Peer 1: 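Just dropping this structure here.
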There are 2 protein chains.
Amino acid sequence: MTRRHEQIAEALRTAIGDGRHPVGSALPSEAELAAAHGVSRGTVRQAVSALEAEGMVGSRQGARRVVLSTAPSQSFAELRSFAQWARGGGHTPGGLVLESAPGRADGEEAALLQLPPGGEVLRVLRLRTLDGEPALLERTVYAGWIATSVAELPDDCESVTQELYERTGLVFAHGEHHIDAVAAGTEDSRRLGVRRGSPLLRVRRTTTTPEGRPVETSDDRYRPGSVVFTVRNSTRTNPLVRSALA
Amino acid sequence: MTRRHEQIAEALRTAIGDGRHPVGSALPSEAELAAAHGVSRGTVRQAVSALEAEGMVGSRQGARRVVLSTAPSQSFAELRSFAQWARGGGHTPGGLVLESAPGRADGEEAALLQLPPGGEVLRVLRLRTLDGEPALLERTVYAGWIATSVAELPDDCESVTQELYERTGLVFAHGEHHIDAVAAGTEDSRRLGVRRGSPLLRVRRTTTTPEGRPVETSDDRYRPGSVVFTVRNSTRTNPLVRSALA
DNA sequence: AAGTGGTCTAGACCACTAC
DNA sequence: TAGTGGTCTAGACCACTTC
């Protein structure tokens, strides 16, 4: 990484992580950091604002920045790719395609994927495991233009994200996630090994390319006790919205 | 608002919202926006990076920014305060304290609130309603130093956040939220009017002041079908983490 | 080749905090 | 009152996309 602001951010993350800046303590001033790293104040501000977006430090005009958390940094890749996330946490991911069939988009799917009504899609039902235990059931709908490549993947493909990137150069860059809780249906309970009606964490998501072109939309159901989602936010960074249903 | 970059961001949000920049279209270049608003490029970049953090636009080096979504902006205040959030969406919030009792922090609570083991806390059980319907059950633990002020609030206080601000000047600035799904227990089901064992969305959160001092930690359980959480993210902005349980 | 966003500099002034 | 972060300017060069 040759970018100075990213180097400085990484140095600060390390210093916070190993206790040189404990939670509750004040960070050096921007001027001090600029002098220490031999850069301008603007570059230092780029670095600390990254930490602020990650929720690791807080700031108030007139006072020094405060360390809020020592937690490691997050990554979109980890959120998007089950396999990358699992390996990053020291777990072993697994995947198995249970069903895969071409079809036509219904009204909602067409809107989410920005396809014409009745456009071609590929529906895939995939079971994901964590250390050998069923963790979530994915019902994914892929837009027609990527369907052929997805259909060619092996059934036990561990990381769809990585395979698609290597085969087609496709990059996932943006995502929208809706989180709620539902009761396990018949298929959910059979596939995940839980009782019918037991609580599942549902995440409905749509992912797009860097250009904003939708690639897939999915309904993921997590077995309780296997996974927790965490959001860290501040007055300045507002990643999460709570929405009421109609 | 006298800040130029915030004015420009708001103008862009409006333009995107009313269709002058449809989803998928390109935004004007930074140079054009700077000229149009009579500011430097740096100020324009502050404005568009706010939209990027909100997930409304995407960007790639060398190409113009792309509109990803027309959704309105989000706010930490809305996430933190049930009442503010509800009113913003045109709903009527209600609140009722069911139980309130002083106590001593157990190990986990002491750690979350940065109190000594056995430190004084105030435990409050509160039912929140949306348009008259039970929406969530809050089990909140307040740090001792704010407990007196909380205990003085009326039982049917609509917005705890706002009342505490007006009475003590306390501001909530940072939060960490852990989201999963659980089955309704006996008390949950009675208070929320759902069957025992039915799925609830659980959010465990800790909130701190701008200085990073923890104020409260809470276990909130949402009735299914009443509320959805939404996260929008990008390669660049990483608000959400998925964590496996031990 | 021209345009665009990403990075970086070296200043300036202001609002707010801490003492 | 001195220090600090928030805002803003007016440049510069580079990597990348688009044509």
Side-chain angles (χ1 to χ4, degrees), chain A residues 1-12 21 24-53 56-68 169-171 173-174 209-213 234-237, chain B residues 1-12 21 24-53 56-68 169-171 173-174 209-213 234-237:
Chain A
M1 184 68 60
T2 61
R3 281 124 76 206
R4 303 289 282 116
H5 71 88
E6 193 46 52
Q7 291 174 8
I8 295 166
E10 196 47 43
L12 286 171
H21 298 304
S25 69
L27 240 47
S29 74
E30 296 179 358
E32 286 168 359
L33 289 170
H37 290 90
V39 299
S40 74
R41 202 183 138 208
T43 303
V44 167
R45 283 181 65 78
Q46 267 188 285
V48 292
S49 63
L51 301 199
E52 214 171 317
M56 289 184 75
V57 307
S59 62
R60 307 140 59 205
Q61 191 174 47
R64 288 204 176 184
R65 288 189 172 77
V66 173
V67 177
L68 295 173
L170 181 71
V171 175
H174 308 284
T209 64
E211 297 88 348
R213 191 176 189 193
S234 296
T235 322
R236 310 288 298 270
T237 63
Chain B
M1 184 67 60
T2 61
R3 282 124 75 204
R4 304 288 285 117
H5 71 87
E6 192 47 52
Q7 291 174 8
I8 295 166
E10 195 48 42
L12 286 171
H21 298 305
S25 70
L27 240 47
S29 74
E30 296 179 358
E32 286 167 359
L33 289 170
H37 291 90
V39 298
S40 73
R41 204 183 137 208
T43 304
V44 167
R45 284 180 65 78
Q46 267 188 285
V48 292
S49 62
L51 300 199
E52 216 171 315
M56 290 184 75
V57 307
S59 62
R60 309 140 58 205
Q61 192 175 49
R64 288 205 176 183
R65 288 190 172 76
V66 173
V67 177
L68 295 172
L170 181 71
V171 175
H174 308 285
T209 65
E211 296 89 348
R213 189 177 191 193
S234 297
T235 321
R236 309 288 298 269
T237 62

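Throughout, a chain's letter reflects where its sequence line sits, starting with A, and its residues are numbered from 1. Please read these numbers as outputs of a predicted model, since none were measured by experiment.
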Peer 1: Please list, chain by chain and in numerical order, all residues satisfying side-chain hydrogen bond (donor to acceptor under 3.5 Å, both in side chains) with Gln46(A), sequence neighbours excluded.
Peer 2: none
Peer 1: What contact category does Arg65(A) fall into here, base, sugar-phosphate, or nothing, at under 4.0 angstrom with non-hydrogen atoms?
Peer 2: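 Touches sugar-phosphate only.
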Peer 1: More 5' along DNA chain D: Glu211(A) or Gly38(B), using each one's nearest nucleotide?
Peer 2: Gly38(B)
Peer 1: Go through dT4(C), dT17(D), dG5(D) for me and flag the one nearest to the Ser29(A) side chain.
Peer 2: dG5(D)
Peer 1: Report, one pair per line, the protein and nucleotides 11-15 of chain D atoms (nitrogen or oxygen only) whose separation is under 3.5 Å.
Peer 2:
unit_1: dA12(D); atom_1: N6; unit_2: Arg41(B); atom_2: NH1; d: 3.2

Peer 1: For Ala26(A) and His21(A), work out which heavy atoms get closest and say how close.
Peer 2: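 Reported closest heavy-atom pair: O-ND1, 4.5 Å.
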Peer 1: Give a yes or no on whether the backbone of His37(A) and the side-chain of Arg4(A) come within a donor-acceptor separation of less than 3.5 Å.
Peer 2: yes
Peer 1: Determine the sole option in Thr43(B), Leu33(B), Leu51(B) for which the side-chain contact (heavy atoms from CB on, under 4.5 Å) test with Ile8(B) is passed.
Peer 2: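 Exactly one option meets the side-chain contact (heavy atoms from CB on, under 4.5 Å) with Ile8(B), and it is Thr43(B).
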Peer 1: Tell me which nucleotide among dA18(C), dG5(C), dC8(D) gets nearest to the side chain of Arg4(B).
Peer 2: dC8(D)
Peer 1: Kindly point out which of dT9(C), dT7(C), dG5(C) is positioned nearest to the side chain of Val39(A)?
Peer 2: dT9(C)
Peer 1: Here's a test of your reading of the structure: between Leu27(B) and Arg64(A), which maps to the more 5' nucleotide of DNA chain C?
Peer 2: Leu27(B)
Peer 1: As a test of reading the structure: which of dG5(C), dC8(D), dT18(D) is closest to the side chain of Gln46(B), going by heavy atoms?
Peer 2: dC8(D)
Peer 1: Among dC8(C), dT9(D), dT17(C), which nucleotide has an atom closest to any side-chain atom of Arg60(A)?
Peer 2: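 My answer, after comparing the listed nucleotides, is dT17(C).
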Peer 1: For dT7(D), take OP1 and OP2 only and decide whether either is under 4.0 Å from a side-chain N or O of Thr43(B).
Peer 2: no
Peer 1: For Glu30(B) and dC8(D), give me the distance from atom CD to atom P, rounded to whole Å.
Peer 2: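 Atom-to-atom, Glu30(B) to dC8(D), this comes out as 15 Å.
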Peer 1: Using atom NE2 of His37(A) as one end and atom C1' of dC8(C) as the other, report the distance to the nearest whole Å.
Peer 2: 15 Å
Peer 1: Taking only side-chain N and O atoms of Arg45(A), does any of them lie within less than 4.0 angstrom of OP1 or OP2 on dG6(D)?
Peer 2: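 Yes.
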Peer 1: How close do Arg65(A) and Ser59(A) get, heavy atom to heavy atom, and via which atoms?
Peer 2: CG-CB, 3.6 Å
Peer 1: Please report the distance, rounded to the nearest Å, between NE2 in His5(B) and C1' in dG5(D).
Peer 2: 12 Å
Peer 1: Thr209(A) vs Val171(A), test: side-chain contact (heavy atoms from CB on, under 4.5 Å). Steps then yes/no.
Peer 2: CA-CA 6 Å; Thr209(A) 64; Val171(A) 175; over 6 Å; no
Peer 1: Please find the pair of heavy atoms, one from Leu12(B) and one from Val48(B), that lie closest to each other, and give the distance.
Peer 2: CD1-CG1, 3.9 Å
